[in-house]
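Beneath this line is the structure, given in structure tokens, with notes to follow.
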Amino acid sequence: MNLISSLSKLVQQPDVRAFPKTGQVINGKILELLPQNRAVVQLGSQQVKAQLEASLTKGKSYLFKVGSTDQKIQLKVITQLGESQGNSTVNKLLNELGIKPTKENRLLTSQLIKKSIPFQGSDLKQAAALYQREDDKKAAREILKQMLQKQLPIKTSVYHALHTKRMDSLTQIMKQVHIEASNTKTNGDRAVVSLLESLKGEGVSVSLRESSVVKLMTEVNINSQNSFQLFKKAGILDSKASYTSFQNTWTEWAGAHRKGDAIPSSTYLASLSKKSAPPFPMAMEKLADRLKQLFHQQLRLESPEQKSLHRVMNQVEKVLVKDIPSGNDSLPSKQKTFGASQSVTEDVQFLKEREVLTKISSLFTNEKNQKLLQDFLRAVPTLFAEDGSTEKQVIREGLSVLKEWQSRQLPPILRQTLTEWIGRSAAELSTLSEKEAIFVKMKTMLDLTGLQEESIVKSTSAKEKATTQESSLKTLLLSSLQDTSSTIRPESAKRMIQMLNGMQLTAQQETNQSLQMSLQFPGNIIGSENDVYLDMEGRKTKEGTIDPDYCHIVFFLDLGNFKETIINLNIVSGRVGVTVFNHDSSIELPMETHKAALKSGLEDMGYELTSLNIKDMNQEVHTSSKDNALPEYKEGIDLRI
């Protein structure tokens with residue numbers, strides 16, 4: 001439907017819940033007393049029924065130790081909490097855990113208790129050791145609280161990842177790595193340069209033709225079929241083309257370097273990129289356009305949606321080829337048809353509720369195909385009616401359109417390859433709109449940095465594992481640390497890797513009802529010298545994504561003319577309220593100028609603009625509530641909406 005749905009599916013992280021575990025210490029408030037020493041206890045943002053080991057007072061707060069979580073949560077009282085005994089309670093706890101009760105350790109522990117963040121004694125001990133080694137105690141305290149809240153391993157590597165994410169600029173680190181990698185002639189560093197140019201959204205230093213020759217010849221020499229399979233899906237190559245023939249064509253053109261040898265040198269690849277008449281299947285501009293079409297036809301349906309669509313298509317095809325009779329047939333056949341009809345009706349209703357065919361239809365620019373899909377959804381139930389259907393040709397044509405779309409869907413690894421090609425060919429795609437260009441840059445950042453490598457590998461089937469995974473920025477930088485010929489300084493590579501790890505660790509937070517995402521992009525995507533931050537939170541759909549009709553989005557920008565700017569969007573039932581926070585009152589004129597375009601753009605995406613307000617950033621400092629704020633992942637602006 002829109003950019004929100006797309007972005008919420010780009011980052012796939014494991015479910016993160018701060019649910020108490022056996023042995024943890026946590027602050028809880030007694031909300032209700034139940035028979036048999038049971039109670040309803042508020043633990044952080046959660047209310048749980050727990051078995052208590054002592055009689056407690058309703059409305060009071062206590063420090064508990066979690067005894068068991070198997071069938072019932074068992075809570076053992078450490079002490080009652082109150083204003084007067086705060087320091088003594090913390091001192092006693094630290095002494096019991098073997099942690100020196102210094103002023104800083106007391107402050108960290110008291111904040112964990114106050115925020116109801118559960119912690120193991122061993123974790124707090126490790127956190128205190130990390131804490132003591134850091135000079136910036138305030139930053140260290142916030143990072144350690146975040147690690148304990150998200151139940152991340154209390155390790156130096158995790159701490160450094162989050163510290164780099166909090167204190168450094170992604171834009172500046174990428175710029176530094178790009179400068180250092182540009183001085184090399186190694187294949188790995190050249191790949192880093194090419195990838196960084198795509199990630200930053202800048203014009204590439206070599207033409208699409210040259211970079212494509214290097215890409216294809218590298219794949220040919222390692223027997224990777226990624227681009228070959230991608231070209232077939234995009235219609236650039238015939239669907240019946242063989243990889244052997246494709247490989248031989250490029251090898252014969254290259255001449256000197258034979259397939260199967262070691263990875264070709266950068267000097268050799270550079271010489272090939274200058275050679276005339278490479279055997280591309282079509283002109284570069286047309287090739288780029290075919291890839292763009294394939295890119296826009298990708299739709300990642302949720303598992304229930306995929307299954308329902310698959311069942312409907314299978315049942316419809318069986319009727320059309322007479323595997324299941326329709327119309328006036330024998331009684332057993334009618335009973336079988338009736339059963340299939342019920343199943344199809346339920347699946348069709350489900351697809352209507354999820355607007356699955358509407359989403360697929362929107363991917364086609366051809367109005368005829370759009371209408372065929374609409375007619376297909378309307379006419380399918382009639383195919384299973386007692387008197388059969390008079391619209392079999394319409395259904396058959398709609399099914400054909402669906403099959404054509406389905407055949408062009410890519411597995412996760414090939415989606416990475418497509419993103420890599422789209423990023424490289426963006427300069428050749430003069431037809432990309434501004435929104436499309438920004439989305440391509442965002443997707444390139446999320447697909448090719450390595451933020452989702454573990455998730456992709458885990459979800460890849462055995463058949464798909466035969467496909468070579470694209471080299472991510474993280475993979476290339478890890479390789480550079482082992483390559484003595486690399487001109488990327490180890491400290492720069494490590495900072496970039498830590499930044500990516502930090503982004504991965506903070507990308508998503510999830511509860512049973514809500515989902516929160518924090519995305520970070522290099523400022524180059526909008527022409528800024530500083531990073532772009534995007535925080536999204538909202539109620540969670542059954543499929544585990546943010547509901548685009550009920551969510552909250554905040555952009556944190558540092559613009560060339562208007563400097564620090566916060567754009568706050570509240571979306572309720574598809575109605576959008578926009579508030580822009582800035583120190584410069586002159587921002588009102590351009591905002592009013594673009595209001596009509598904003599309203600029109602939102603309407604095109606199925607939303608209604610209800611308000612557009614401009615507020616001074618200082619005003620928000622006095623009215624915002626930190627308790628309702630988004631997590632403080634961003635530096636430079638000291639507030640959250």
Side-chain angles (χ1 to χ4, degrees), residues 1-11 169-171 174-175 195-204 208 288-289 291-300 362-363 415-416 418-449 451-452 473 503 507 517-536 546 548 551 553-562 564-569 571 576 578 580 590-591 594-595 597-607 609 634:
M1 176 182 177
N2 51 54
L3 190 61
I4 300 167
S5 298
S6 302
L7 284 172
S8 68
K9 292 177 183 178
L10 288 183
V11 179
S169 161
L170 172 64
T171 305
M174 288 175 68
K175 183 178 180 180
L195 191 49
L196 284 175
E197 287 171 345
S198 294
L199 294 174
K200 294 192 298 179
E202 296 177 345
V204 293
L208 173 61
D289 192 58
L291 291 172
K292 174 194 169 186
Q293 291 176 29
L294 182 65
F295 181 78
H296 285 306
Q297 285 202 338
Q298 299 308 299
L299 179 63
R300 296 166 69 174
S362 68
L363 303 175
R415 280 200 293 268
Q416 280 188 305
L418 176 58
T419 301
E420 203 260 357
W421 273 95
I422 287 291
R424 179 191 293 111
S425 61
E428 305 280 335
L429 294 169
S430 55
T431 55
L432 277 179
S433 67
E434 189 172 357
K435 185 182 87 170
E436 289 173 331
I438 290 176
F439 182 68
V440 165
K441 292 171 186 176
M442 287 181 165
K443 187 147 175 47
T444 302
M445 180 69 200
L446 295 169
D447 276 2
L448 300 179
T449 52
L451 292 176
Q452 303 188 84
L473 179 61
M503 290 169 60
M517 295 173 62
S518 179
L519 304 178
Q520 184 174 351
F521 302 93
N524 310 70
I525 68 169
I526 60 167
S528 172
E529 287 296 316
N530 295 308
D531 295 352
V532 172
Y533 296 80
L534 167 60
D535 285 349
M536 293 194 294
I546 291 176
C551 63
I553 307 172
V554 189
F555 295 90
F556 299 89
L557 312 172
D558 194 336
L559 304 174
N561 293 321
F562 292 110
E564 287 187 330
T565 303
I566 299 176
I567 302 176
N568 180 40
L569 292 87
I571 304 174
V576 185
V578 180
V580 179
M591 287 297 298
H594 292 289
K595 184 176 180 179
L598 174 63
K599 183 177 181 180
S600 174
L602 287 171
E603 287 174 353
D604 289 343
M605 295 168 63
Y607 292 100
L609 178 66
K634 180 186 181 294

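Worth saying up front: this structure is predicted, and the values here are computed from it rather than measured.
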Which of these, V576, I571, D535, I567, sits in a side chain to side chain contact (heavy atoms under 4.5 Å, CB included) with I553?
I571

Closest heavy-atom pair, A288 versus L208, reported as atoms and distance to 0.1 Å, is CB-CD2, 4.3 Å

For the student: nearest non-hydrogen atoms of I525 and I438, plus distance:
O-CG1, 4.2 Å

Any side-chain heavy-atom pair from M445 and P522 closer than 4.5 angstrom?
yes

Just so I know, are the side chains of F521 and L446 near enough to count as touching, which here means a heavy-atom distance under 4.5 Å?
yes

Taken in chain and number order and not counting sequence neighbours, the residues that satisfy side-chain hydrogen bond (donor to acceptor under 3.5 Å, both in side chains) with Q293 are D289

Closest approach of F295 to V440 (non-hydrogen atoms, all atoms of both residues)
CE2-CG2, 3.8 Å

Interatomic distance, I422 atom CD1 to D447 atom CG [nearest 0.5 angstrom]
11.5 Å

Could you check whether any side-chain heavy atom of L473 comes within less than 4.5 Å of a side-chain heavy atom of L196, counting everything from C-beta outward?
yes

Where Q520 and M503 come nearest, the two heavy atoms and their spacing:
O-CE, 3.4 Å

One should read off an interatomic distance between E529 CD and N524 CG, to the nearest 0.5 angstrom, of 7.5 Å

In terms of heavy-atom contacts, L418 and Q298 come closest through CD2-CG, 4.1 Å

Quick one: closest heavy-atom pair of S169 and D531, and the distance?
OG-OD1, 3.3 Å

In Å, rounded to the nearest 0.5 Å, how long is the span from NZ of K595 to OG of S600?
14.0 Å

Minimum side-chain heavy-atom gap T565-F555 below 4.5 Å:
no

Does the T171 side chain pair with the main chain of G523, one donor and one acceptor, at a distance under 3.5 Å?
yes

By side-chain hydrogen bond (donor to acceptor under 3.5 Å, both in side chains), which residues pair with H296, not counting sequence neighbours?
E436

Could you state the interatomic distance from CG (L557) to CD1 (I526), rounded to the nearest 0.5 Å?
4.5 Å

For residues F556 and V554, determine if any side-chain heavy atom of one lies less than 4.5 Å from a side-chain heavy atom of the other.
yes

Please round to the nearest 0.5 Å and tell me the distance separating atom CG of L598 and atom CE of M591.
7.0 Å

For the atom pair CD (E564) and CG (N530), what is the distance rounded to the nearest 0.5 Å?
8.5 Å

